[in-house]
Amino acid sequence: MNREICQRYLETSIYTYVGVYKDFIRSLPDDIPSIGRLVCDQITHPSMYFTEPSPYLESAYYGKFASYPKNRFRNEDELYITAVSMIAGILRLDETGFTKNRDVTKRITVSCRQASVLFSAILKAKGIPCRSRAGFMDFGDVGDSYMEHWVNEYWDFNEYRWVLVDVDGYYEYEHRFGYSQFDLPRRKFVTASDAWIGMRQNTLNKKLDVFTPTALEGLCDYLFMDFHALMNNEIFYSYQPLYLRGGIHTLSERELYELDRLAELLSEPDKNIEQIEHFWTANEKFSVLTNNTQNIYYDIFGSHYAGK
């Protein structure tokens with residue numbers, strides 16, 4: 001990897017900037033598994049509160065889910081979009097710092113995108129190139145079903161490679177499949193670009209669990225999230241390009257081919273970084289964003305009140 005790409009992924013965004021917490025973050029352990037375990041120990045995933053509690057997880061990992069305060073959201077993603085807000089939220093619940101095996105009442109409840117952003121922020125603050133990636137993860141080990149997910153890649157200077165990491169906590173640090181969640185084999189994760197290409201060319205041989213009306217719409221969402229993440233702009237789930245507010249079914253064939261080209265470039269981001277950067281700077285419609293709230297205002301009041 002050349003120096004420019006290395007420097008790119010040391011830079012921070014509004015989401016990964018740690019601000020006044022930089023010294024605190026730098027005081028955390030330096031080795032990747034220890035950092036990853038600490039991130040896991042500060043969060044619970046929202047799904048934990050909408051499924052049957054696991055006696056094993058409660059006794060060995062989280063504490064009683066029933067003790068989670070009734071007045072707190074069971075999904076706090078919208079409260080903690082940035083690394084700074086997550087760090088502040090974690091310390092507000094327990095000022096002693098990032099502690100091991102936190103009880104569920106002292107954790108923030110956020111999903112995979114937030115965990116990925118927090119991990120990226122920590123590594124960047126420590127001088128380790130890191131980037132968030134959006135795509136689809138095989139949470140089993142048979143490779144036949146993949147779910148929407150965010151992970152990380154950090155640059156290992158000793159092995160000269162991007163290492164795939166998942167700090168969302170599902171794995172409980174286990175090596176149950178013969179490998180660590182802090183160094184996952186590439187087959188575990190399908191990037192949004194590869195999934196898009198496979199869907200468009202009818203060569204995708206994996207089942208994707210996508211929570212949108214159509215699979216292509218979900219792939220489009222993740223394609224743009226991964227694109228923005230590679231541009232150091234780790235957008236929230238509901239942030240999407242304004243020109244897509246009408247849905248992917250409104251796009252012309254030319255516009256779909258444009259997304260095909262973007263996906264091809266994203267499939268090898270380091271090799272194609274200059275062309276990806278050109279897409280970023282030359283195609284304003286790819287970077288001008290809206291969210292669900294803006295869409296409502298747009299529908300009611302028109303483009304003047306929707307930020308256009």
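The structure presented is a predicted model; accordingly, all values stated were derived computationally and were not measured. Below, each value reflects all heavy atoms present in this structure, side chains not excepted, and no hydrogens, waters or symmetry copies.
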| message | Using the rule that Ile, Leu, Val, Met, Phe, Trp and Tyr join whenever any side-chain heavy atoms are under 4.5 Å apart, tell me whether Phe98 and Val84 fall into a single cluster. | response | yes
| Counting distance only, does the side-chain N/O of Lys126 pair as donor-acceptor with the main-chain N or O of Arg26 below 3.5 Å? | yes
| Between Asp31 (side chain) and Ser34 (backbone), is there a donor-acceptor pair under 3.5 Å? | yes
| Within a strict 4.5 Å, meaning less than it, do heavy atoms of the Phe73 and Glu78 side chains meet? | no
| task | Under the side chain to side chain donor-acceptor pair (under 3.5 Å) rule, collect the residues that match up with Arg133, sequence neighbours excluded. | result | Glu153, Asp226
| query | For the hydrophobic clusters of this structure (ILVMFWY residues joined by side-chain heavy atoms under 4.5 Å, transitively), does one cluster hold both Ile273 and Leu266? | reply | yes
| message | If only side-chain N and O atoms count, and only distance matters, is there a donor-acceptor pair under 3.5 Å linking Asp141 with Tyr179? | response | yes
| said: If only side-chain N and O atoms count, and only distance matters, is there a donor-acceptor pair under 3.5 Å linking Asp41 with Thr99? | reply: no
| request: Please round to the nearest 0.5 Å and tell me the distance separating atom CZ of Phe227 and atom OG of Ser193. | output: 12.0 Å
| Relative to each other, are the rings of Phe136 and Tyr222 parallel, tilted or perpendicular (30° and 60° limits)? | tilted
| Test item: side-chain donor near acceptor, Asn233 and Trp280, under 3.5 Å | no
| For the side chain of His278 and the backbone of Asn283, is there at least one donor-acceptor N/O pair under 3.5 Å apart? | no
| said: For the CG atom on Asn71, are there more than 12 heavy atoms of other groups (residues, nucleotides or ligands in this structure) within a distance under 6.0 Å? | reply: yes
| Sub-3.5 Å donor-acceptor pair from the side chain of Lys124 to the main-chain atoms of Cys130, do we have one? | yes
| query | CE of Met137 to SG of Cys112: how many Å apart, nearest 0.5 Å? | reply | 9.5 Å
| task | Please lay out, stage by stage, how Ile43 and Asp168 fare under the test side chain to side chain contact (heavy atoms under 4.5 Å, CB included). | result | CA-CA 8 Å; Ile43 66 176; Asp168 196 25; 4.2 Å; yes
| In Å and rounded to the nearest 0.5 Å, what is the CG to CD1 distance from Asp30 to Ile128? | 7.0 Å
| field | Hydrophobic cluster identity match, Trp196 and Tyr257, side-chain contacts under 4.5 Å | value | no
| Do Glu258 and Arg261 sit within salt-bridge range, that is, some charged N less than 4.0 Å from a carboxylate O? | no
| Heavy-atom check, side chain of Phe189 versus side chain of Asp166, under 4.5 Å | no
| query | Is there a side-chain contact between Val210 and Glu148, using heavy atoms and a 4.5 Å cut-off? | reply | yes
| message | Do the side chains of Asp94 and Lys106 get close enough for a salt bridge, i.e. N-O under 4.0 angstrom? | response | no
| Point-to-point distance, once rounded to the nearest 0.5 Å, from OH of Tyr9 to CZ of Arg131 | 5.0 Å
| task | For the residue pair Asp183 and Ser180, confirm or rule out a side-chain donor-acceptor distance under 3.5 Å. | result | no
| Main-chain N/O of Arg161 paired with Asp156 side-chain donor or acceptor, under 3.5 Å | no
| field | Heavy-atom donor-acceptor pair, Gln114 side chain to Met86 backbone, under 3.5 Å | value | no
| request: Answer yes or no: are there more than 12 heavy-atom neighbours, outside Leu256 itself, under 6.0 Å from its atom CG? | output: yes
| task | Check the hydrophobic clustering (I, L, V, M, F, W, Y; side-chain heavy atoms under 4.5 Å; chains of links allowed) and say if Leu38 and Phe24 are grouped together. | result | yes
| query | Is the side chain of Asn272 donor-acceptor paired with the backbone N or O of Glu268 at a distance under 3.5 Å, no angle test? | reply | yes
| task | Could you check whether the rings of Phe236 and Tyr239 sit parallel, tilted or perpendicular, using 30° and 60° as the cut-offs? | result | perpendicular
| query | Any side-chain heavy-atom pair from Val39 and Ile122 closer than 4.5 angstrom? | reply | yes
| Do the side-chain N and O atoms of Tyr68 and Thr109 include a donor-acceptor pair separated by under 3.5 angstrom? | yes
| task | Over all heavy atoms of both residues, which pair between His228 and Ser287 is shortest? Give the atoms and the distance, please. | result | CE1-CA, 3.9 Å
| request: Please say whether more than 12 non-hydrogen atoms of neighbouring residues, nucleotides or ligands are located less than 6.0 Å from CD in Glu11. | output: yes
| Is the backbone N or O of Arg113 less than 3.5 Å from a side-chain atom of Tyr237, with the two atoms forming a donor-acceptor pair by type? | yes
| Taking Glu234 as the fixed residue, which of Ser13, Ser132, Ser116 is the one that meets the side chain to side chain donor-acceptor pair (under 3.5 Å) rule? | Ser13
| query | How far apart are the closest heavy atoms of Val165 and Phe182, and which atoms are they? | reply | CG2-O, 3.4 Å
| message | Side chains of Cys40 and Gln181, heavy atoms from C-beta outward: is any pair under 4.5 Å? | response | yes
| query | To the nearest 0.5 Å, how far apart are CG in Leu259 and SG in Cys220? | reply | 5.5 Å
| field | Residues Trp155, Tyr160; criterion side chain to side chain contact (heavy atoms under 4.5 Å, CB included); working and verdict | value | CA-CA 7 Å; Trp155 185 253; Tyr160 206 72; 3.5 Å; yes
| request: Give a yes or no on whether the backbone of Asn232 and the side-chain of Tyr15 come within a donor-acceptor separation of less than 3.5 Å. | output: no
| Do Asp138 and Lys206 come within less than 4.5 Å of each other through their side chains, counting heavy atoms only? | no
| query | Within the side chain of Lys188, is there an N or O that forms a donor-acceptor pair under 3.5 Å with the backbone of Gly140? | reply | yes
| Worked check of side chain to side chain contact (heavy atoms under 4.5 Å, CB included) between Asp221 and Gln240 | CA-CA 7 Å; Asp221 289 346; Gln240 288 296 306; 3.6 Å; yes
| query | Going by heavy atoms in the side chains, are Phe157 and Pro129 under 4.5 Å from each other? | reply | yes
| message | If hydrophobic clusters are built by linking Ile, Leu, Val, Met, Phe, Trp and Tyr wherever their side-chain heavy atoms come under 4.5 Å apart, do Ile5 and Leu123 end up in the same one? | response | yes
| said: Can you confirm whether more than 12 heavy atoms, excluding those of Lys285, are under 6.0 Å from its NZ atom? | reply: yes
| note | Looking only at heavy atoms, the pair that brings Ile276 and Leu265 closest together is CD1-O, 3.6 Å
| request: Output yes when Arg8 and Asp270 qualify as a salt bridge under the 4.0 Å nitrogen-oxygen rule, no when they do not. | output: no
| message | Please tell me whether Asn152 and Ser120 have a donor and an acceptor in their side chains that are separated by less than 3.5 angstrom. | response | yes
| Is any side-chain heavy atom of Pro241 less than 4.5 Å from a side-chain heavy atom of Leu289? | yes
| task | Report yes or no: do Ser67 and Thr105 form a side-chain donor-acceptor pair below 3.5 Å? | result | no
| Where do Ile81 and Val117 land on the side chain to side chain contact (heavy atoms under 4.5 Å, CB included) test, with the steps shown first? | CA-CA 9 Å; Ile81 293 177; Val117 166; over 6 Å; no
| request: Calculate, to the nearest 0.5 Å, the distance between atoms OG1 and CG belonging to Thr290 and Leu242 respectively. | output: 5.0 Å
